[in-house]
Amino acid sequence: METIDWGNLGFGYLPTDYNVRCYFRNGKWGKLELTSDQYIPIHMAATCLHYGQDAFEGLKAFRGRDGKIRIFRLEENARRLISSGDYLRMAAPSVELFTEAVVKVVEANERFIPPFGTGASLYIRPLLIGSGPQVGVKPADEFLFLIFVTPVGPYYKEGFNPIRVIIDRDHDRAAPLGTGHIKAGGNYGASLLSGEEGHRKGYPSVLYLDAKEKKYIDECGAANFFGIRGNTYITPHSHSILPSVTNRSLQQLAADMGMQVETRNIPLTELSTFDEAGACGTAAVISPICSIYDPQEEKTYTFGDGKSAGAWSTKLYHKLRDIQLGEEPDTHNWNKVL
Ligand SMILES: *Cc1c(COP(=O)(O)O)cnc(C)c1O
């Protein structure tokens with residue numbers, strides 16, 4: 001058995017022992033199968049390949065100091081996959097089937113769940129695709145639901161350091177009444193060029209504005225955005241923004257800590273009033289933002305001292321991580337403990 005250098009894991013694909021899969025055929029879900037095959041046989045006319053019937057999820061399992069395994073907010077991810085499937089006209093697994101599949105694949109790959117204290121975790125990637133053939137533009141009549149897992153390292157190898165962000169006015173990630181509110185693979189395809197251009201200019205992430213008026217903050221790369229002013233946590237609300245489970249959790253923790261929470265349109269000009277800013281999602285929990293550059297106005301918004309993460313962001317980050325690891329009481333019942 002190969003040994004894994006837990007302390008030096010990145011965010012990439014490392015093969016594990018098993019994945020699980022299940023087909024929807026003739027109007028119902030079949031048997032949930034455990035397999036070691038990393039490939040899926042697929043019909044060349046499958047709708048996922050031609051017409052974007054493709055949605056996914058991302059969640060994590062953690063090993064605690066007590067040796068127990070905790071899966072964070074599994075049901076929320078199940079419900080979001082159902083909503084993605086519904087919009088893309090795909091049959092989606094029930095919360096019960098999703099739960100059974102996650103538990104099965106995590107338990108089967110137990111040896112890949114990183115030890116406590118390494119900062120690493122087991123990333124869980126559910127996928128739902130139209131696997132049946134169609135030539136006309138219509139939904140498939142066969143769907144494949146699968147989940148693979150892969151151990152991933154801590155997002156911050158060098159510590160909780162803030163990133164620089166650039167506003168992208170030349171591309172939209174999602175249309176106002178389009179697919180931004182669901183976790184569709186196509187949204188990611190639409191963001192790749194924008195992300196590459198941002199990187200080339202020296203920015204790890206890009207900030208999108210609302211596609212219609214270019215007046216309000218949308219998402220930050222493939223993460224939600226939030227700002228903090230005084231003791232208020234402010235995050236944009238829009239149909240084109242993916243409802244992030246991390247963001248919803250941070251809003252709850254902020255309220256628990258006595259902060260005010262606002263979910264509403266955030267005009268770009270309001271950036272100059274924020275003390276802290278961040279991007280949030282499963283991968284990093286929070287990526288603190290030290291500055292946002294607007295190339296059109298040739299203006300830079302900076303947050304805090306421009307170098308380190310703000311006090312509230314740091315507190316929220318540690319609180320959420322500690323709940324995931326079982327270091328703090330899970331008062332909202334977010335973890336499924338195995
Ligand atoms: C997955 C995703 C997020 C983060 O959602 P979490 O549930 O917190 O992981 C944010 N924005 C987009 C576009 C996403 O696809």
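Whatever order the structure lists ligands and atoms in, that order sets their numbers, starting from 1. Note that the coordinates shown come from a computational prediction; the quantities given were computed from them, not determined experimentally.
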Can the positive tip of K299 be found less than 6.0 Å from the middle of the six-membered ring of Y301, inside 45° of the ring normal?
->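 Yes; both conditions hold, so K299 lies above the ring face of Y301.
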
Answer yes or no for R70 and F62: cation-pi contact, defined as NZ/CZ to six-membered ring centre under 6.0 Å and angle to ring axis within 45°.
->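 The answer is no; the distance or angle limit is not met.
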
With sequence neighbours excluded, what pairs up with S121 under the side chain to side chain donor-acceptor pair (under 3.5 Å) test?
->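 Counting only residues at least two positions away or on another chain, S121 forms no side chain to side chain donor-acceptor pair (under 3.5 Å).
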
Using 4.0 Å as the upper bound for N to carboxylate O, is an ion pair formed by R264 and E262?
->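 Looking at E262 and R264, the cut-off is met.
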
Charged N to carboxylate O under 4.0 angstrom, E57 versus R80?
->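 Counted as a salt bridge, because a side-chain N and a carboxylate O are separated by less than 4.0 Å.
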
Taking atom NZ of K214 as the centre, does the number of heavy atoms from other residues, nucleotides or ligands within less than 6.0 Å exceed 12?
->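 Yes, NZ of K214 has more than 12 neighbouring heavy atoms, counting only those of other groups under 6.0 Å.
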
Proximal protein residues to ligand 1, non-hydrogen atoms under 4.0 angstrom =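 Those residues closer than 4.0 Å to ligand 1 by some heavy atom are R80, R173, K183, Y188, E219, A222, A223, N224, L242, S244, V245, T246, G281, T282.
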
